[in-house]
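Counting begins at 1 with the first residue of the sequence.
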Amino acid sequence: MKATVTREHIQPRRLTRLVKGMPATDGAGVELTRAIGQPAFPMLDPFLLLDAFRSDRPEDYIAGFPSHPHRGFETVTYLLAGRMRHKDNAGHEGVIESGGIQWMTAGKGIVHSEMPEQENGLLEGFQLWVNLPAEHKMDAPGYQERPAKDIPLESRGGGVEVKVIAGVTSQGTTGPVVQPLTEPVYLDVRVPASQAFVEMLPISHNAFIYVIDGRVSMPDENGQMVTLVRDDLGILGEGGAIELNADEDDVRFLLIAGKPLDEPVARGGPFVMNTSEEVQQAFVDYRQGRF
Ligand code: MN
């Protein structure tokens with residue numbers, strides 16, 4: 001098959017929206033910043049939620065997320081600092097440590113707890129929810145767990161560093177997490193001051209960046225440069241590539257993209273299905289111990 005190159009392939013994605021995270025409390029009283037999944041920005045298909053947590057105050061995180069269910073999607077935990085222990089009703093248990101990722105497919109249902117494995121110090125990381133298509137919502141649960149040492153670090157010119165958790169970069173580095181249903185790209189990118197970052201993204205994907213630290217600039221739809229700072233969520237428009245520049249500071253950000261499912265979404269707390277009847281059924285199944 002002959003590959004065709006259209007303008008779309010090379011057109012850089014512009015910033016279509018800048019979303020400020022909203023302070024939220026979840027679990028048994030964990031203080032966090034909700035970027036996706038808040039009233040002002042409910043979802044970016046297939047992404048249902050993005051929470052950032054970052055605190056060195058134990059009272060902000062020590063209560064953790066005791067036993068709770070999920071059905072119909074995936075929860076992805078990426079820790080930058082600290083330790084979290086997870087445990088579930090399928091006998092799966094482990095500790096996610098700094099730099100590690102847990103990509104959990106809840107599928108038809110799982111009951112798990114996510115608790116800090118520390119009594120003090122910094123706990124920092126993200127939880128992302130990725131939707132599953134209707135025909136796979138009731139699949140068996142599964143895990144892809146990777147410690148920091150299994151996540152490749154791609155070093156580029158100018159001191160740019162890319163940790164590749166999922167997806168393949170334009171330089172051919174492949175992340176260890178694979179999910180053919182949404183073909184996610186999950187990169188943790190550091191760009192030194194005054195340096196540029198360019199990366200190709202699948203045209204079909206929705207994509208965003210989330211600034212962890214520093215400042216970064218990219219053009220909006222009118223070609224005006226917009227600066228994003230710590231805890232800003234930047235939604236990227238259509239196109240084939242992302243091009244951005246670190247300003248006077250070094251910048252670190254997540255670059256995440258996924259194939260939209262284009263299906264109806266019905267949410268009820270920890271359950272995400274296609275219809276409200278299916279959500280009600282999930283509550284019934286959970287109460288009756290069928291998870
Ligand atoms: Mn959970």
Is Phe41 linked to Phe208 within one hydrophobic cluster, defined over Ile, Leu, Val, Met, Phe, Trp and Tyr using a side-chain heavy-atom separation of less than 4.5 Å? yes

On a heavy-atom basis, the closest approach of Pro270 and Pro69 is CB-O, 2.9 Å

Do you know which two heavy atoms are closest between Ser98 and Ala148, and how far apart they sit? O-CB, 3.7 Å

Sequence neighbours excluded, which residues qualify as salt bridge (Lys or Arg N to Asp or Glu O under 4.0 Å) partners of Arg252? Asp188

Over all atoms of both residues, closest heavy-atom pair of Ser170 and Glu199: N-OE2, 2.7 Å

Any side-chain heavy-atom pair of Met218 and Pro12 under 4.5 Å: no

Roughly how far, to the nearest 0.5 Å, is the CG atom of Leu50 from the CD1 atom of Ile256? 6.0 Å

Ignoring hydrogens and geometry, is there a side-chain-to-backbone donor-acceptor pair from Glu238 to Gln11 under 3.5 Å? no

Test Ile151 against Ile101 for side-chain contact (heavy atoms from CB on, under 4.5 Å), laying out the working first. CA-CA 9 Å; Ile151 296 172; Ile101 187 120; 4.1 Å; yes

Distance from Ile242 atom CD1 to Leu236 atom CG, nearest 0.5 Å? 4.5 Å

Tell me whether Val19 shares a hydrophobic cluster with Met22, the cluster being built from Ile, Leu, Val, Met, Phe, Trp, Tyr side chains joined at under 4.5 Å. no

Taking the side chain from Ser204 and the backbone from Lys259, do they hold a donor-acceptor pair closer than 3.5 Å? no

Working to the nearest 0.5 angstrom, can you tell me the gap between Asn206 CG and Leu201 CG? 11.0 Å

Does Ser55 use its side chain to pair, donor to acceptor, with the backbone of Arg57 at less than 3.5 Å? yes

Is there a side-chain contact (heavy atoms from CB on, under 4.5 Å) between Arg156 and Gln195 once you walk through the steps? CA-CA 11 Å; Arg156 302 184 174 187; Gln195 295 293 320; over 6 Å; no

Contacts of type side-chain contact (heavy atoms from CB on, under 4.5 Å), residue Glu145, not counting sequence neighbours: His86, His92, Gln102

Taking all heavy atoms of Pro192 and all of Gly158, pick out the closest pair and write down the distance. CG-O, 3.2 Å

Is a side-chain donor or acceptor of Asp250 paired with a backbone partner of Val191 at a separation under 3.5 angstrom? no

Please check: side-chain N/O of Arg34 versus main-chain N/O of Asp51, any donor-acceptor pairing under 3.5 Å? no

Restricting to side chain to side chain donor-acceptor pair (under 3.5 Å), what partner residues turn up for Asn245, sequence neighbours left out? none

Got a second to check how far Glu243's CD is from Arg14's CZ, nearest 0.5 Å? 9.0 Å

Applying the 4.5 Å side-chain criterion to the ILVMFWY set and letting contacts propagate, would Val272 and Met43 be lumped into a single cluster? yes

Among all residues two or more places apart in sequence or in another chain, which pass the side chain to side chain donor-acceptor pair (under 3.5 Å) test with Asp231? Arg54, Tyr210

Is Lys20 salt-bridged to Asp232, cutoff N-O under 4.0 Å? yes

So do the side chains of Leu261 and Thr182 get within less than 4.5 Å of each other, counting heavy atoms only? yes

What pairs of residues pass the ring pair (Phe, Tyr, Trp, His ring centres under 6.0 Å) test when at least one of them lies in residues 160-189, not counting sequence neighbours? Tyr78-Tyr186

Got a second to check how far Leu44's CG is from His205's NE2, nearest 0.5 Å? 11.5 Å

Is it true that Ile212 and Phe47 fall in one hydrophobic cluster, defined by side-chain heavy atoms closer than 4.5 Å? yes

Working to the nearest 0.5 angstrom, can you tell me the gap between Ile209 CD1 and Arg13 CZ? 12.0 Å

Does Asp262 offer a backbone N or O that forms a donor-acceptor pair with the side chain of Asp45 under 3.5 Å? yes

Could you list the donor-acceptor pairs under 3.5 angstrom formed between side-chain atoms of residues 128-135 and any protein atom two or more places apart in sequence or on another chain?
| residue | atom | partner | partner atom | Å |
| --- | --- | --- | --- | --- |
| Trp129 | NE1 | Gln127 | OE1 | 2.9 |
| Asn131 | OD1 | Lys137 | NZ | 2.7 |

Please write out which residues are connected to Val279 in a hydrophobic cluster, directly or through intermediates, given that two of Ile, Leu, Val, Met, Phe, Trp, Tyr count as joined at side-chain heavy-atom separations below 4.5 angstrom. Val111, Met138, Phe271, Met273, Phe283, Tyr286, Phe291

Pairwise ring pair (Phe, Tyr, Trp, His ring centres under 6.0 Å) hits with a residue in residues 94-116, at least two apart: His68-His112, His70-His112

Write down the atom of Pro58, the atom of Asp56, and the distance for their closest heavy-atom approach. CD-O, 3.4 Å

Would you indicate whether the side-chain heavy atoms of Arg290 and Gln281 approach each other to under 4.5 Å? yes

Could you please spell out the steps behind the side-chain contact (heavy atoms from CB on, under 4.5 Å) verdict for Val76 and Phe126? CA-CA 8 Å; Val76 178; Phe126 296 94; over 6 Å; no

Verify same cluster id: Ile235, Leu49 (apolar side-chain graph, 4.5 Å): no

Indicate yes or no for a side-chain donor-acceptor contact from Asp220 to the backbone of Leu15 under 3.5 Å, with no hydrogens or angles considered. no

Apart from Met225 itself, what residues make up its hydrophobic cluster when side-chain heavy atoms of I, L, V, M, F, W and Y under 4.5 Å apart count as a link, directly or indirectly? none

So salt bridge (Lys or Arg N to Asp or Glu O under 4.0 Å) across residues 271-281, not counting sequence neighbours, yields none

Are Ser113 and Ser67 close enough, and set up right, to give a side chain to side chain donor-acceptor pair (under 3.5 Å), and what steps lead you there? CA-CA 4 Å; Ser113 60; Ser67 190; over 6 Å; no

For residues 222-266, pull every pair meeting ring pair (Phe, Tyr, Trp, His ring centres under 6.0 Å), keeping only residues two or more places apart or in separate chains. Phe197-Phe253

Is atom CD of Glu59 surrounded by more than 12 heavy atoms (other residues, nucleotides or ligands) closer than 6.0 Å? yes

Taking all heavy atoms of Ala35 and all of Gln38, pick out the closest pair and write down the distance. O-NE2, 3.1 Å

Donor-acceptor contact present, side-chain Gln118 to main-chain Arg83, <3.5 Å: yes

Does some side-chain heavy atom of Ser217 sit less than 4.5 Å from a side-chain heavy atom of Leu244? no

Test side-chain contact (heavy atoms from CB on, under 4.5 Å) applied to Arg215 and Val251, step by step: CA-CA 5 Å; Arg215 303 154 67 85; Val251 67; 5.7 Å; no

If only atom types and distance count, is the side chain of Arg71 paired as donor or acceptor with the main-chain N or O of Asp285 below 3.5 Å? no

Can you list the other members of the hydrophobic cluster that holds Met84, where links are side-chain heavy atoms under 4.5 angstrom apart? Val30, Leu32, Phe53, Tyr61, Ile62, Phe65, Leu79, Ile96, Leu123

